[in-house]
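Data first, discussion second: the structure below is written as structure tokens.
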Amino acid sequence: MSNSKIKIVNPYTKHKRKLPDGTEKEKPPSNKEIRRDIGNATGNSDTNTNTNTNNFPKNTGSSNINVSAQAAALCISASDKAGMEGIDREKIATIILKESGNSAYIQQQRRRDEKVNERVRHLQQRLQEASPRDYRVTDELDDTLRGYQQRQANRATCVVVDMDMFYMACELLSRPHLNDKPACVGREMILTSNYVARRYGVRSAMAGLIGRKLVEQLSDGREKLIQVPSNFKLYKEKSKIVNEVIREYDPHNMKAYSLDEVYLDIGPYLAVEEVVFRLRQHVKKATGGLTCSAGIARTHTIAKIASDANKPNGQLVVDPVSTLEFVRALPVRKIPGVGRVTEKLLQQVCNIHTGLELYEKRGLVQFLFQPATAEFLLKSSVGCSGEGSSFASFGTEQEESSDHQKGISRERSFSPESDWALLNIKLEEISRMLSEDMKRKSVMGHTVTVKVKLANFDVLNRA
DNA sequence: TACATACAC
DNA sequence: TATGGTGTATGTA
């Protein structure tokens with residue numbers, strides 16, 4: 001009964017779309033990803049070549065294994081974000097752990113992590129029981145991988161433009177005095193931080209309290225984290241300007257993926273580098289000083305990774321010839337789609353840390369992971385992920401392309417509450433918001449889901 | 001279909 | 001001052 005904190009949502013799956021004239025039509029079946037089995041095993045097994053041709057900052061050895069391990073388990077990573085190279089991760093992790101104490105949230109993180117450990121053990125077990133023949137690299141697998149590489153030998157030139165610390169940068173325009181102080185956007189939850197704050201380990205998705213403690217303690221009380229409330233109206237305005245500028249460079253393929261990321265495919269373009277450089281200058285001028293970084297490559301996925309490499313205010317071209325080399329040097333976590341859990345599974349079950357190792361152990365990957373996941377990972381290992389499918393389409397303006405929207409939802413968090421009458425009122429408010437959204441977008445649905453988050457951060461979904 | 005997970009921004 | 005909101009894909013029963 002002590003489930004007090006509750007979060008209610010109301011997702012809605014839409015398979016029909018109401019037409020302007022009020023009639024409905026069946027939605028075409030969602031683009032089923034063309035998926036084929038990547039062949040089955042027999043081939044060479046591989047021993048452990050631990051090559052490290054890594055351009056990205058490596059985790060340096062830790063002075064305190066325990067803190068590190070715990071912090072890692074709880075997904076506290078102080079590194080691996082632009083502007084966070086060479087900071088004292090150990091010290092930061094210690095403070096975060098101490099300040100997080102035994103909050104309900106941290107306890108939930110521990111429970112979740114234990115589940116992941118369970119998966120690790122399960123896969124390890126499966127590996128133990130398997131014979132090396134089960135995960136050999138077959139000719140078929142290699143044919144498939146070669147196929148991916150050949151198929152995408154098209155002339156695409158993908159560009160990803162990513163605004164630098166976007167929300168923060170918008171706020172800094174009117175508050176230049178915060179440039180050299182630790183500052184962030186967001187109160188309870190930090191949305192983004194400036195580069196000074198990042199030196200203290202303050203980063204997005206961090207609780208405000210933790211950010212404040214980090215700055216206070218790491219500066220011996222000399223500095224204080226300045227928190228600016230978010231102002232999405234401003235960010236949307238700036239984003240619109242950015243999109244307008246960038247659209248001129250690729251009116252046909254330009255897709256706004258979020259407020260601060262844009263994808264282009266400018267085809268075979270001579271002097272791309274110069275063009276993108278000019279584009280970035282143009283963006284900066286039009287927005288009154290916002291900088292962005294860009295990646296240029298044959299696929300959006302590689303371009304996206306590349307856009308991060310020279311952040312802030314930089315760009316990187318990964319030409320077709322150097323794509324493999326680039327991918328192989330990559331820590332797997334840099335691959336979009338590989339998050340905390342997948343990284344852990346790869347590391348602890350397969351001893352895979354880099355793109356190269358992912359490729360070398362492709363037989364193992366194919367054997368251990370589900371087909372869709374294996375295919376994604378293997379494509380990634382040869383620099384071919386995310387071509388046909390993922391960035392399918394995204395409304396460049398606003399709601400027009402809600403044609404293929406798969407769901408619509410609203411959710412709100414609030415402090416623990418166990419009074420059913422009050423909870424009902426909350427549910428009603430949220431439902432009303434959702435229903436208005438749906439009317440506005442003229443969408444229909446056929447499944448309603450209610451999501452409840454308990455005070456201990458467990459989440460329940462009921463359809 | 002129902003539910004849970006993982007992931008991205 | 002104590003951890004967000006929206007959407008997609010995938011896995012499994």
Side-chain angles (χ1 to χ4, degrees), chain A residues 5 7-15 30-33 35 74-76 96 99-109 112 115-116 118-119 160 162-163 165-167 185-192 203-213 225 227 230 232 235 239 256-263 301 304 308 333 335-345 369-376 386 389-395 402 404-416 430 433-434 437 446-453 455-463:
Chain A
K5 170 150 183 188
K7 177 180 189 180
I8 300 168
V9 202
N10 222 341
Y12 214 119
T13 313
K14 167 181 64 97
H15 285 166
S30 58
N31 309 343
K32 194 76 185 168
E33 200 186 335
R35 174 185 315 169
L74 299 173
C75 185
I76 297 162
I96 295 176
E99 295 301 334
S100 299
N102 262 328
S103 63
Y105 178 76
I106 281 297
Q107 291 182 38
Q108 150 77 6
Q109 290 291 102
R112 279 185 55 187
K115 281 192 185 169
V116 176
E118 189 54 50
R119 281 180 73 184
V160 171
D162 190 313
M163 302 300 296
M165 49 169 190
F166 185 53
Y167 303 162
V185 174
R187 272 206 92 59
E188 294 85 5
M189 172 65 57
I190 293 168
L191 299 177
T192 171
R203 56 173 303 173
S204 55
M206 177 177 271
L209 178 76
I210 302 293
R212 294 191 287 277
K213 295 283 187 187
L225 177 65
Q227 297 185 267
S230 62
F232 278 87
Y235 315 146
S239 178
Y257 182 78
S258 66
L259 287 183
D260 75 331
E261 262 187 52
V262 178
Y263 290 72
T301 304
K304 164 79 182 133
D308 192 55
R333 187 62 163 85
I335 300 169
V338 175
R340 182 178 65 105
V341 174
T342 310
E343 178 189 36
K344 187 168 184 172
L345 294 179
F369 291 87
Q370 297 299 325
T373 308
E375 183 183 324
F376 157 72
S389 49
S390 65
F391 305 110
S393 81
F394 200 88
S402 67
H404 3 179
Q405 188 168 358
K406 303 276 179 60
I408 182 166
S409 69
R410 292 288 247 167
E411 60 186 86
R412 229 32 92 194
S413 291
F414 43 85
S415 42
I430 295 166
M433 289 193 281
L434 181 61
D437 289 349
H446 72 349
T447 306
V448 181
T449 302
V450 178
K451 169 171 158 187
V452 180
K453 188 190 286 187
N456 64 6
F457 289 93
D458 278 345
V459 173
L460 307 173
N461 286 290
R462 290 297 174 265

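All chains are named by letter (A, B, ...) in the order of the sequence lines, taking the proteins before the strands, and each is independently numbered beginning at 1.
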Of the listed C:dT3, B:dA6, B:dC9, the closest approach to the A:Arg112 side chain comes from B:dA6
With sequence neighbours left out, the residues meeting ring pair (Phe, Tyr, Trp, His ring centres under 6.0 Å) with A:Phe166 are none
From CG of A:Asp458 across to C1' of C:dT3 the rounded distance in Å is 15 Å
* To do: Look only at the side chain of A:Glu261 and the backbone of A:Val160, and say whether a donor-acceptor pair between them is shorter than 3.5 Å.
  => no
Ring pair (Phe, Tyr, Trp, His ring centres under 6.0 Å) filter on A:Phe232, not counting sequence neighbours, yields A:Tyr167, A:Tyr235
Quick note, A:Thr373 side chain, CB onward, closest among C:dG7, B:dC7, C:dG11 is C:dG11
Taken to the nearest whole Å, CD1/A:Ile210 to P/C:dT1 is 14 Å
From the candidates B:dC9, C:dG5, C:dT3, the one with an atom nearest any side-chain atom of A:Glu411 is C:dG5
Separation of C:dG4 atom P from A:Leu259 atom CG, nearest Å, is 20 Å
Here the distance between atom C1' of C:dA9 and atom CZ of A:Phe376, to the nearest Å, is 11 Å
A:Lys213 meets the side-chain hydrogen bond (donor to acceptor under 3.5 Å, both in side chains) criterion, sequence neighbours left out, with none
d(A:Ile96 CD1, A:Ile106 CD1) to nearest 0.5 Å is 9.0 Å
Contacts of A:Arg119 and A:Asp162 projected onto DNA chain B by closest heavy atom; the upstream (5') one is A:Arg119
Notebook entry, point to check: Counting just side-chain N and O atoms, does A:Ser100 come under 4.0 Å of either OP1 or OP2 of C:dA2?
Noted result: no
Pairing string of DNA chain C (Watson-Crick or G-U wobble, both atom distances under 3.5 Å; | = paired to other strand) is ....|||||||||
Looking only at C:dG7, B:dT5, B:dC7, the nucleotide nearest the A:Gln405 side chain is C:dG7
ask   = Mind checking whether A:Gln107 and A:Asn102 have side chains closer than 4.5 Å, heavy atoms only?
value = yes
Here the distance between atom P of C:dG5 and atom NZ of A:Lys453, to the nearest Å, is 7 Å
A:Asp162 meets the salt bridge (Lys or Arg N to Asp or Glu O under 4.0 Å) criterion, sequence neighbours left out, with A:Lys304, A:Lys311
Quick note, A:Arg340 side chain, CB onward, closest among C:dT10, B:dC7, C:dA2 is B:dC7
Check this one for me: any side-chain N or O of A:Thr342 less than 4.0 Å away from OP1 or OP2 of B:dC7? yes
Sequence neighbours excluded, the answer for side-chain hydrogen bond (donor to acceptor under 3.5 Å, both in side chains) partners of A:Gln370 is none
**Prompt:** At under 4.0 Å between heavy atoms, what does A:Gln108 touch on the DNA or RNA strands: base, sugar-phosphate, or nothing?
**Reply:** nothing
If you define the side chain from C-beta out and look only at heavy atoms, does anything of A:Ile190 sit under 4.5 Å from A:Arg203? no
Check: Side-chain N or O of A:Gln370 less than 4.0 angstrom from OP1 or OP2 on C:dA9?
Finding: no
Between CG of A:Leu191 and C1' of C:dT3 the distance, given in whole Å, is 12 Å
*Using a heavy-atom cut-off of under 4.0 Å over every strand shown, decide if A:Arg212 touches base, sugar-phosphate, or nothing.*
base
Closest of B:dA8, C:dG4, B:dA6 to the A:Val116 side chain is B:dA6
When you compare C:dT3 with B:dA8, how far apart are their P atoms, in angstrom units rounded to a whole number? 24 Å
- Counting only side-chain N and O atoms of A:Lys304, is one of them less than 4.0 Å from OP1 or OP2 of B:dA8? no
Rounded to whole Å, CZ of A:Phe414 lies from C1' of C:dG4 at a distance of 14 Å
### Query
A:His404 side chain N/O closer than 4.0 Å to the phosphate oxygens (OP1, OP2) of C:dT8?
no
A:Asn461 has its side chain closest, among B:dT5, B:dC9, C:dG4, to B:dT5
From the candidates C:dG7, C:dG4, C:dT10, the one with an atom nearest any side-chain atom of A:Phe457 is C:dG4
Item to complete: Could you tell me whether the phosphate oxygens of C:dG7, OP1 or OP2, come under 4.0 Å of any side-chain nitrogen or oxygen in A:Ser409?
Response: yes
Rounded to whole Å, OH of A:Tyr257 lies from P of B:dC7 at a distance of 14 Å
Among the nucleotides C:dT6, B:dA4, C:dT10, whichever has the atom closest to the side chain of A:Leu460 is B:dA4
(Q) Side-chain N or O of A:Arg203 versus OP1/OP2 of C:dT3: is the shortest distance under 4.0 Å? (A) no
Looking only at B:dC3, B:dC7, C:dG11, the nucleotide nearest the A:Ala463 side chain is B:dC3
- Is the phosphate of C:dG5, meaning OP1 or OP2, less than 4.0 Å from a side-chain N or O of A:Ser413? yes
